[in-house]
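Keep in mind that the numbers below use all heavy atoms, side chains included, and drop hydrogens, waters and symmetry copies. Along the sequence shown, residues carry numbers from 1.
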Amino acid sequence: MVKIAWDPIYKAPLPEKHRFPMVKYELIPEQLIHHGIIDSHQLFSPKVMSRETILGVHDEDYLDQLEHLTLDPKSARRLGLPLTNTMVEREKIIIQGTLDNAHYAIEHGVSFNVAGGTHHSYKDRGEGFCLLND
């Protein structure tokens with residue numbers, strides 16, 4: 001059985017008329033269920049990734065700035081998403097979902113993350129709608 005990482009926080013609130021299509025993270029699981037491709041019990045909600053695991057790929061100073069919402073304005077603007085506690089928590093849940101999916105796929109052959117693929121961040125910064133790298 002395919003397992004799919006998804007959590008309501010994947011569709012975090014954005015300012016009105018924001019260019020990022022956040023609603024897709026709500027619509028994807030709804031459509032998969034509606035069309036009978038999956039059952040809702042195939043969806044699982046990842047936990048928040050531990051700080052220790054995140055620090056395996058990101059600088060501590062960068063993570064501290066994210067968690068305390070203290071990125072300088074230029075760096076925050078480069079993210080393309082608002083720098084909020086909800087957005088930082090969202091990213092930590094998404095990347096844990098990808099890690100969970102990798103483990104599940106090794107054991108069972110396949111697994112998906114509705115919001116995975118946050119590959120535009122670097123060790124010391126985020127950009128392109130990606131705060132953390134999965």
K.L.:
Please list all pairs passing the ring pair (Phe, Tyr, Trp, His ring centres under 6.0 Å) test where one or both residues lie in residues 82-107, with sequence neighbours left out.
P.N.:
Tyr104-His108

K.L.:
Examine distances only and state if a side-chain atom of Asp39 and a backbone atom of His41 form a donor-acceptor pair shorter than 3.5 Å.
P.N.:
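No, Asp39 side chain to His41 backbone: no donor-acceptor pair under 3.5 Å.
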
K.L.:
Looking at side-chain heavy atoms only, is the closest gap between Met22 and Arg90 below 4.5 Å?
P.N.:
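Touching, per the 4.5 Å side-chain cut-off.
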
K.L.:
Would a 4.5 Å heavy-atom cut-off, applied to side chains only, mark Met87 and Leu14 as touching?
P.N.:
yes

K.L.:
Roughly how far apart are Leu66 CG and Glu91 CD, rounded to 0.5 Å?
P.N.:
8.5 Å

K.L.:
Under the 3.5 angstrom rule, does the side chain of Trp6 hit a backbone N or O of Tyr25 as a donor-acceptor pair?
P.N.:
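Side chain of Trp6 to backbone of Tyr25, a donor-acceptor pair under 3.5 Å: yes, one is there.
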
K.L.:
Give me the atom names and distance for the closest heavy-atom approach of Ala5 to Gly97.
P.N.:
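Here Ala5 and Gly97 meet closest at CB-CA, 4.0 Å.
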
K.L.:
How far apart are the closest heavy atoms of Gln42 and Ile38, and which atoms are they?
P.N.:
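Minimum heavy-atom contact is OE1-CA, 3.2 Å.
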
K.L.:
Nearest 0.5 Å please: distance from the CZ atom of Arg78 over to the NE2 atom of His120.
P.N.:
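Output value for this atom pair is 14.0 Å.
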
K.L.:
Do Leu55 and Ile93 sit in one hydrophobic cluster, given that two such residues count as connected whenever their side-chain heavy atoms are within less than 4.5 Å of each other, even indirectly?
P.N.:
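Same cluster.
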
K.L.:
When you measure from the side chain of Asp72 to the backbone N and O of Ser75, does any donor-acceptor pair fall under 3.5 Å?
P.N.:
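Flag set: sc Asp72 to bb Ser75 pair under 3.5 Å.
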
K.L.:
Which heavy-atom pair separates Thr86 from Pro13 by the least distance, and what is that distance?
P.N.:
CG2-CD, 4.3 Å

K.L.:
Taking atom CD as the centre, does Glu30 end up with more than 12 heavy-atom neighbours from other residues, nucleotides or ligands that are less than 6.0 angstrom away?
P.N.:
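It does: Glu30 CD has more than 12 such atoms within range.
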
K.L.:
So do the side chains of Val48 and Gln96 get within less than 4.5 Å of each other, counting heavy atoms only?
P.N.:
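They are not in contact (no side-chain heavy atoms under 4.5 Å apart), so the answer is no.
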
K.L.:
Test your reading of the model: is there a side-chain donor-acceptor pair from Asn101 to the backbone of Phe112, 3.5 Å cut-off?
P.N.:
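Such a contact is found between Asn101 side chain and Phe112 backbone.
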
K.L.:
Tell me whether His18 contacts the main-chain N or O of Gly80 through its side chain, where contact means a donor paired with an acceptor under 3.5 Å.
P.N.:
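Indeed, once roles are kept as given, a pair shorter than 3.5 Å links the two residues.
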
K.L.:
If I take atom CG from residue Asp134 and atom CG from residue Leu99, how far apart are they, to the nearest 0.5 angstrom?
P.N.:
9.5 Å

K.L.:
So Tyr62 and His58, would you call those rings parallel, tilted or perpendicular, with 30° and 60° as cut-offs?
P.N.:
tilted

K.L.:
Could you give the distance from CG (Leu63) to CG (Leu132), rounded to the nearest 0.5 Å?
P.N.:
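It comes to 6.5 Å.
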
K.L.:
Once salt bridge (charged side-chain N to carboxylate O under 4.0 Å, His left out) is applied, do any residues pair with Asp124, and if so which ones, sequence neighbours excluded?
P.N.:
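With sequence neighbours excluded, Asp124 shows a salt bridge (charged side-chain N to carboxylate O under 4.0 Å, His left out) to no residue whatsoever.
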
K.L.:
State the NE2-CD1 distance between His34 and Ile37, to the nearest 0.5 angstrom.
P.N.:
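Between His34 NE2 and Ile37 CD1, I get 10.0 Å after rounding to 0.5 Å.
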
K.L.:
Which distance, rounded to the nearest 0.5 Å, do you find between the CG of Asn133 and the CD1 of Ile54?
P.N.:
11.5 Å

K.L.:
Honestly curious: do Ile94 and Leu27 fall in one hydrophobic cluster under the side-chain, below-4.5 Å linking rule?
P.N.:
no

K.L.:
With a 6.0 Å cut-off (strictly less than), is the heavy-atom count around NZ of Lys24, excluding the residue itself, greater than 12?
P.N.:
yes

K.L.:
Any side-chain heavy-atom pair from Val114 and Leu32 closer than 4.5 angstrom?
P.N.:
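With C-beta onward as the side chain, the pair stays apart.
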
K.L.:
Quick one: does Ser121's side chain have a donor or acceptor within less than 3.5 Å of a partner on Cys130's backbone?
P.N.:
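Checking the backbone N and O of Cys130 against the side chain of Ser121, no donor-acceptor pair under 3.5 Å is found.
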
K.L.:
Under the salt bridge (charged side-chain N to carboxylate O under 4.0 Å, His left out) rule, what do Arg51 and Asp64 come out as? Steps first, then yes or no, please.
P.N.:
CA-CA 10 Å; Arg51 181 176 175 82; Asp64 286 344; 2.4 Å; yes

K.L.:
I need the minimum non-hydrogen distance between Glu67 and Asn85, along with the two atoms involved.
P.N.:
O-OD1, 4.0 Å

K.L.:
Assigning hydrophobic clusters by single linkage (Ile, Leu, Val, Met, Phe, Trp, Tyr; side-chain heavy-atom cutoff under 4.5 Å), is Ile33 placed with Ile28?
P.N.:
yes

K.L.:
In terms of the angle between their ring planes, are Phe129 and Phe20 parallel, tilted or perpendicular, with boundaries placed at 30° and 60°?
P.N.:
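Tilted: the ring planes of Phe129 and Phe20 meet at 30° to 60°.
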
K.L.:
Do Leu79 and Tyr122 belong to the same hydrophobic cluster, where Ile, Leu, Val, Met, Phe, Trp and Tyr are linked whenever their side-chain heavy atoms lie under 4.5 Å apart, directly or via other members?
P.N.:
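Different clusters: Leu79 never reaches Tyr122 through Ile, Leu, Val, Met, Phe, Trp or Tyr contacts under 4.5 Å.
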
K.L.:
Are Pro29 and Ile4 side-chain neighbours, meaning at least one heavy-atom pair lies under 4.5 Å?
P.N.:
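In short, these two side chains do not touch, never coming nearer than 4.5 Å.
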
